[in-house]
K.L.:
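The structure follows.
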Amino acid sequence: MVVERASQALADVLVASNRGPVSYSVAGETTQAGGAGGGSLSAKRGGGGLVSGLSAIATEDSGGDAVWVCAALGDGDREAVRRSGGKLDRADTGGQSVRMLDIPAGTFADAYNGIANSVLWFVHHMLYQTPLEPSFGAEFEQQWASYERYNAAFADALADEAAEGATVLVQDYHLTLVPALLRERRPDLRIGHFSHTPWAPPDYYRMLPDAVAEQVLRGVLGADRAAFLTRRWARGFADCCVAVLGAAVAEDESTGELEVTCDGRTTRLGVHGLGADAEFLRERAGRDDVDERIAILREQIGSDRDGRPRRALVRVDRTELSKNIVRGLHAYGRLLADRPEWRERVVHLALAYPSRQDLAVYRDYMSEVSRVAEEINSTYGTESWTPVVLFLKDDFARSLAAYRLADVALVNPIRDGMNLVAKEVPVVSDDGCALVLSREAGAYAELGEDSLVVNPYDIADTARALHEALTMEHGRRAERTKRLAAAATALPPTRWFLDQLHALRDA
Ligand code: G6P
């Protein structure tokens with residue numbers, strides 16, 4: 001199917017992602033049906049490395065007219081689409097051209113909550129409790145059909161917006177089918193796909209129904225370049241292509257890049273390790289609201305019986321199943337049990353912000369985090385010392401404050417595409433911070449050498465690493481932090497984006 005194009009200004013560079021750079025909420029009342037009524041809309045710009053990286057789309061270096069295609073996530077977004085006709089007001093987007101898609105709410109929920117977050121996310125992060133799940137039946141089939149429609153809506157919009165020969169960068173597991181669908185519609189385009197998650201190894205990946213496992217791989221292989229955060233995830237993808245599709249994999253001797261050939265077409269696999277945005281973080285972390293929060297946190301951390309400030313063990317995460325917050329708490333409990341010398345002398349600041357609360361398993365996980373934190377506090381806490389201080393409300397300034405004052409940062413995911421917290425802490429740390437890092441985080445590839453590396457399932461091993469981190473000599477800690485910060489900022493978000501764009505154009 002080759003699509004007739006609209007006679008509007010067409011874009012030379014396009015980005016597609018589920019979540020866009022801006023989201024809307026409706027002030028005042030919402031209608032009974034959950035609609036937005038006539039209230040005024042307020043726009044909020046998304047934070048984080050992804051938005052800042054993809055925002056390079058609007059810079060001159062990207063070379064041409066650009067558009068970002070994303071989905072309406074909630075009622076506020078849907079209302080903004082209705083009012084604007086789809087292209088958002090540039091005053092809300094920092095001048096960017098953003099086309100937001102009003103995909104029917106039921107289709108969106110199936111695709112986002114049902115497939116992307118409950119199936120593909122679980123597969124790539126290996127989160128299933130396999131005796132009972134996954135179980136692919138009628139509900140899955142219906143949701144999968146929605147995922148196909150949701151991907152097709154993106155492919156249609158991109159086909160409609162792209163100028164002849166334009167470059168399109170499709171993001172993540174929400175949009176795995178888009179590259180192939182778009183190629184059918186517009187064979188003239190250069191198409192890239194980027195996975196921000198890990199990629200599952202074949203034995204785990206093949207839990208998916210065979211036809212779906214194939215469709216996802218063929219969808220991504222519709223791209224000229226499929227890129228990943230680390231070599232390990234690129235390898236996982238290539239291995240799945242071999243196991244499921246019988247594809248051939250070769251390594252380009254000059255660049256070391258892998259190439260997957262299937263049905264006569266070759267897709268190159270790129271590796272682009274997204275780094276921290278040092279300039280932004282340092283500026284933002286130096287503002288007054290962050291200083292204020294440091295003062296409050298220091299008060300909460302307090303001093304030991306000899307009047308020495310207590311050590312701060314910090315973690316900052318979305319309350320995400322893959323982040324392994326519960327085992328992190330158990331490891332801290334184990335430290336206090338095995339090494340009583342740390343009682344009264346350390347406080348664990350656990351910043352665990354809500355995420356994906358539409359899913360029951362995430363709500364349950366959040367309750368379990370609170371329960372275990374309370375258990376530790378009731379077992380070990382004293383009148384003057386609260387061992388764990390848990391924060392469940394998202395506050396970016398507080399996260400930066402915690403980064404700055406941390407003596408030890410705990411980043412222990414079960415599995416993680418990259419983990420930007422591991423990269424951000426050393427960049428803004430005031431006084432050096434020892435990093436306890438899971439070997440299953442993508443960031444391990446770049447930061448492993450200067451971290452205390454743990455097996456995330458091993459509580460005793462994690463407790464041991466926490467002890468080592470807490471006792472690390474100050475000079476050594478500062479030296480390591482410097483090297484970690486250098487590694488963490490090797491590929492800033494803008495460069496990360498432009499590298500992919502240029503590689504795709506040169507392909
Ligand atoms: C993390 C992951 C990304 C993903 C994003 C979606 O940042 O690393 O791969 O796209 O979460 O989060 P959301 O809140 O939009 O579901």
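Note that the structure is a prediction, hence the values are computed from the model and not measured. Every number for a ligand or one of its atoms is a count from 1 in the order of the listing. Note: hydrogens, waters and symmetry copies are ignored here, and every other heavy atom, side chains too, is used.
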K.L.:
Judging by distance only, is a nitrogen or oxygen of Tyr173 under 3.5 angstrom from one on ligand 1?
P.N.:
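The answer is no, given that Tyr173 and ligand 1 share no N or O pair closer than 3.5 Å.
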
K.L.:
A side-chain contact here means heavy atoms from C-beta on lying under 4.5 Å apart; do Lys44 and Val22 qualify?
P.N.:
no

K.L.:
Among Glu320, His125, His124, Arg356, which residue places a heavy atom closest to atom 11 (O) of ligand 1?
P.N.:
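Shortest heavy-atom distance from atom 11 (O) of ligand 1: Arg356.
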
K.L.:
By the definition ring pair (Phe, Tyr, Trp, His ring centres under 6.0 Å), identify the one residue from Trp199, Phe194, Tyr173 that meets it with Phe237.
P.N.:
Trp199

K.L.:
Near Tyr112, which atoms of ligand 1 are under 4.0 Å from a heavy atom of that residue?
P.N.:
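In order of number, 13 (P), 14 (O), 15 (O), 16 (O).
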
K.L.:
Does ligand 1 come near enough to His174 that some N or O of the ligand is less than 3.5 Å from an N or O of the residue?
P.N.:
no

K.L.:
What atoms in ligand 1 come closer than 4.0 Å to a heavy atom of Thr197?
P.N.:
9 (O)

K.L.:
Only one of Trp496, Phe228, Trp233 forms a ring pair (Phe, Tyr, Trp, His ring centres under 6.0 Å) with His196, so which one is it?
P.N.:
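Testing each of Trp496, Phe228, Trp233 against His196, the sole residue satisfying ring pair (Phe, Tyr, Trp, His ring centres under 6.0 Å) is Trp496.
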
K.L.:
Tell me whether the NZ or CZ atom of Arg356 lies within the 45° cone about the ring axis of Trp121 and under 6.0 Å from its centre.
P.N.:
yes

K.L.:
Is it the side chain, the backbone, both or neither of Trp121 that has a heavy atom closer than 4.0 Å to ligand 1?
P.N.:
side chain

K.L.:
In terms of ring plane angle, is the pair His174 and Tyr112 parallel, tilted or perpendicular, where the classes change at 30° and 60°?
P.N.:
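Parallel.
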
K.L.:
Using heavy-atom distances only, which candidate in Arg19, His196, Arg318 approaches atom 7 (O) of ligand 1 most closely?
P.N.:
Arg318

K.L.:
Is the closest side-chain donor-acceptor distance between Ser135 and Glu133 under 3.5 Å?
P.N.:
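Checked: Ser135/Glu133 side chains show no N/O donor-acceptor pair below 3.5 Å.
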
K.L.:
Less than 3.5 Å between some nitrogen or oxygen of Asp172 and one of ligand 1, yes or no?
P.N.:
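Min N/O separation from ligand 1 is below 3.5 Å for Asp172.
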
